[in-house]
There are 2 protein chains.
Amino acid sequence: MLNKNDVIPLYVQLKRILRSQILNGVFKEMDLLPSETQLMKEYQITRTTIRKAIAELNKEGLVQQVHGKGTYVRLRETKDTVWNFQSFSDLARRHNQKPITKVLEKETYSKDGDHFLKLVRLRGLKSEETTTWMTIDTSHLPLKIFPNLEANNFSSTSLYELMRETYNIHPHYTNLNIEPMMSTPLICDRLELQEEQPLLRSSGIVLTESNVEIERIEIIYSPNFKFKLSQYIHS
Amino acid sequence: MLNKNDVIPLYVQLKRILRSQILNGVFKEMDLLPSETQLMKEYQITRTTIRKAIAELNKEGLVQQVHGKGTYVRLRETKDTVWNFQSFSDLARRHNQKPITKVLEKETYSKDGDHFLKLVRLRGLKSEETTTWMTIDTSHLPLKIFPNLEANNFSSTSLYELMRETYNIHPHYTNLNIEPMMSTPLICDRLELQEEQPLLRSSGIVLTESNVEIERIEIIYSPNFKFKLSQYIHS
DNA sequence: TAGTGGTCTAGACCACGGT
DNA sequence: CCGTGGTCTAGACCACTAG
């Protein structure tokens, strides 16, 4: 299970195990996670380490710790529609739906001597017979970092999985600006909106752990995408 | 300094001390906080407790821990323009400006037999000779919880300080929806905007630690208010 | 009362940054 | 090399929840 000699900290290893178990349905909504004492025995590590892993899952909104009762799995909690466009497939799973991606544009271009791939994708959720479009994602990706990326079919492959598994590059941090904007006829058409209306838009960059810029992105959100924000007040 | 018998955890006490020192200028931008070892000696508590306090300040974006170097004070960091409307005066201090509040409406009303205060405030930042309007805040406050609240002059008093100090009620958690909207002539007039344009708006509730609803709020953001979002990608 | 998570101690070893 | 923060151990006591 855990590798005590790995460079990856134990609490990160545990966190990943628990997260994948939750997202893959080993634990279901409202289930209790094994207690911290049980996890101590199961993984042979101390409670401090376990608590650090669970605390981070808590921060992500995936579980909720309740004093005296236990740690609950929270799949469809308040925080599920926040900014985690990054894990669109997780978002879908949380809604018990399937993620759908339609590639609208895919072209390479040059700028300042470097080559890039521009990728425009329409993303949505599908349940039974209805499809709900959620966002239009525009990505600019440096081919110097991702050679031959344009050969991929992005409608069935997750961009970030591709980065991690094919190129061994791990998206780590994103820096975005959020702005309002008016819809355009093209956007209305793509998102299947009946009338022009104000929308939310975010744009920014994605970095690796060593602060290498690996993507510039713009995301336009359909009104179907409900932004919720929960935060603690520092005092 | 710290009271080991207080019901308030030591790490919370320490966090509050450090935060107020940072915001009051005892430590300045780019300064190093005392090292964890120094803080151990100074406060006579273990490193674990100190690290918990600093980790939370880190999460708030007030400090940045750097391996091998120390913990830096970060006043004007990326996260400073995020959703922390709550601490408008801190936001101002971080920008080296003064917070300004103008009361636009103040009236009591009844609904379902309960009495409320409706408060509309225009909020901005002032530096030297220029004033920049940032938000229009509309609050609905239950007078059952805050008796006689309407007697206050809100242009010079912080609403949350009032809650804490006069009523001993501590805002703890907020749950908001974020939406785009079109400006109206009234809003343009109040925010001194030249033309109609899409804006951001958030609305929701503020709760205490025991989940008592103490405020309903709506905030309309001027384009001067730049929303930035920084987040880690879970993987 | 038994079991849970919340806080805290007093250590240890490590990886990183700069001298 | 030393001082910094990062991880981890093996305990302890407490507060909360529920039967």
Side-chain angles (χ1 to χ4, degrees), chain A residues 1-18 27 30-74 172 209-211 232, chain B residues 1-18 27 30-74 172-173 208-211 232:
Chain A
M1 297 299 221
L2 299 184
N3 178 358
K4 300 211 182 196
N5 300 317
D6 200 326
V7 287
I8 299 175
L10 290 172
Y11 75 88
V12 176
Q13 296 183 43
L14 177 58
K15 187 172 64 160
R16 289 180 179 169
I17 291 174
L18 292 175
F27 304 119
M30 290 295 283
D31 274 4
L32 279 175
L33 236 52
S35 78
E36 298 176 354
T37 323
Q38 282 175 293
L39 291 171
M40 283 177 70
K41 291 176 193 157
E42 184 171 347
Y43 292 97
Q44 294 295 311
I45 54 180
T46 49
R47 226 183 117 205
T48 314
T49 307
I50 287 166
R51 282 184 62 73
K52 173 116 178 158
I54 294 182
E56 300 217 345
L57 292 175
N58 193 343
K59 212 166 60 182
E60 291 177 27
L62 217 51
V63 302
Q64 184 185 4
Q65 293 162 292
V66 181
H67 197 167
K69 296 173 85 173
T71 301
Y72 291 94
V73 172
R74 281 275 171 270
H172 177 250
E209 194 149 18
S210 44
N211 285 324
Y232 292 97
Chain B
M1 296 296 223
L2 298 184
N3 178 358
K4 300 210 182 198
N5 300 318
D6 199 326
V7 287
I8 299 175
L10 290 172
Y11 76 89
V12 175
Q13 297 183 43
L14 178 57
K15 189 173 63 160
R16 288 180 180 168
I17 291 175
L18 292 175
F27 304 118
M30 291 295 284
D31 274 4
L32 279 174
L33 236 53
S35 79
E36 298 175 354
T37 323
Q38 282 174 293
L39 291 171
M40 281 176 70
K41 291 175 192 155
E42 186 172 347
Y43 292 98
Q44 294 295 311
I45 54 180
T46 49
R47 225 182 118 209
T48 313
T49 307
I50 288 167
R51 281 183 64 72
K52 174 117 179 159
I54 294 182
E56 300 218 344
L57 293 175
N58 193 342
K59 213 166 61 181
E60 291 177 26
L62 217 52
V63 302
Q64 183 183 6
Q65 294 163 291
V66 180
H67 197 167
K69 297 173 82 172
T71 300
Y72 292 94
V73 172
R74 281 274 173 271
H172 176 250
Y173 192 71
T208 63
E209 194 149 19
S210 43
N211 286 321
Y232 293 96

#### Entry: Side-chain N,O (B:Tyr11) to OP1/OP2 (C:dT7) below 4.0 Å
yes
### Query
Which distance, rounded to the nearest 0.5 Å, do you find between the CZ of B:Arg74 and the CG of B:Leu57?
14.0 Å
### Task
Indicate yes or no: at least one non-hydrogen side-chain atom of A:Ile17 is less than 4.5 angstrom from one of A:Tyr43.
yes
### Query
Nearest to the side chain of B:Leu10 - C:dG6, C:dC8, D:dG5?
C:dC8
### Task
Using whole Å, report how far CD1 of B:Ile50 lies from C1' of C:dC8.
12 Å
### Message
Name the residue from B:Asn58, B:Asp31, B:Leu32 that meets the side chain to side chain contact (heavy atoms under 4.5 Å, CB included) definition with B:Val63.
### Response
B:Asn58
### Task
Starting at atom CD of A:Gln13, determine the distance to atom C1' of D:dC8, rounded to an integer number of angstrom.
13 Å
### Query
Heavy-atom count around A:Glu42 CD within 6.0 Å, excluding the residue itself: above 12?
yes
#### Entry: Under-4.0 Å side-chain N/O to phosphate OP1/OP2 contact, B:Lys52 with C:dT7
yes
### A:Gln44 (side chain) donor-acceptor with A:Lys41 (main chain) under 3.5 angstrom
yes
### Task
Sugar-phosphate atoms are those with a prime plus P, OP1 and OP2; base atoms are the rest. Using that split, label each nucleotide of nucleotides 11-19 of chain D B, S or - for protein heavy atoms under 4.0 Å, 5' to 3'.
-B--BBSS-
### Message
Using a 4.0 Å heavy-atom cut-off, does A:Ile45 contact any base of the nucleic acid, only the sugar-phosphate backbone, or nothing at all?
### Response
sugar-phosphate
### Task
Rounded off to whole Å, could you give me the CD-to-P distance for the A:Gln64 and C:dT4 pair?
18 Å
### Query
Whole Å only: how far is the CD1 atom of A:Ile8 from the P atom of D:dT7?
12 Å
### Task
Kindly indicate whether the side chain of B:Leu39, heavy atoms from C-beta on, has any atom under 4.5 Å from the side chain of B:Ile54.
yes
### Task
Report yes if the side chains of A:Thr49 and A:Leu14 come closer than 4.5 Å at any heavy-atom pair, otherwise no.
no
### Message
Tell me if a side-chain donor or acceptor on A:Glu36 pairs with a main-chain N or O of A:Ile50 at a distance below 3.5 Å.
### Response
no
### Query
Separation of B:Leu57 atom CG from D:dG5 atom P, in whole Å?
13 Å
### Message
Whole angstroms only, please: what is the CD-P distance between B:Glu36 and D:dC8?
### Response
16 Å
### Message
In the structure I gave you, are the side-chain heavy atoms of A:Lys4 and A:Ile45 within less than 4.5 Å of one another anywhere?
### Response
yes
### Task
Report yes if a side-chain nitrogen or oxygen of B:Thr49 is closer than 4.0 Å to either non-bridging phosphate oxygen (OP1 or OP2) of C:dT9; otherwise report no.
yes
### Message
Rounded to whole Å, please give me the gap between NZ in B:Lys15 and P in C:dC8.
### Response
12 Å
### Message
For the NZ atom of B:Lys15 and the NZ atom of B:Lys52, what is their distance to the nearest 0.5 Å?
### Response
9.0 Å
### Query
If you look at every strand shown and take non-hydrogen atoms under 4.0 Å, does B:Ser35 touch a base, only sugar-phosphate, or nothing?
sugar-phosphate
### Task
Go ahead and write out DNA chain D as dot-bracket, 5' to 3': ( ) for pairs within the strand, [ ] for ones crossing earlier pairs, | when the partner sits on another strand, dots for unpaired; Watson-Crick or G-U wobble, both distances under 3.5 Å.
||||||||||||||||||.
### Task
Side chain of A:Gln38 only, please: which of C:dT4, C:dT9, D:dT7 is the nearest?
C:dT4
### Message
Looking at C:dG3, I'd like to know if its phosphate oxygens (OP1 or OP2) sit under 4.0 Å from a side-chain N or O belonging to A:Thr37.
### Response
no
### Query
Which whole-number value in Å describes the distance from B:Tyr43 OH to C:dC8 C1'?
18 Å
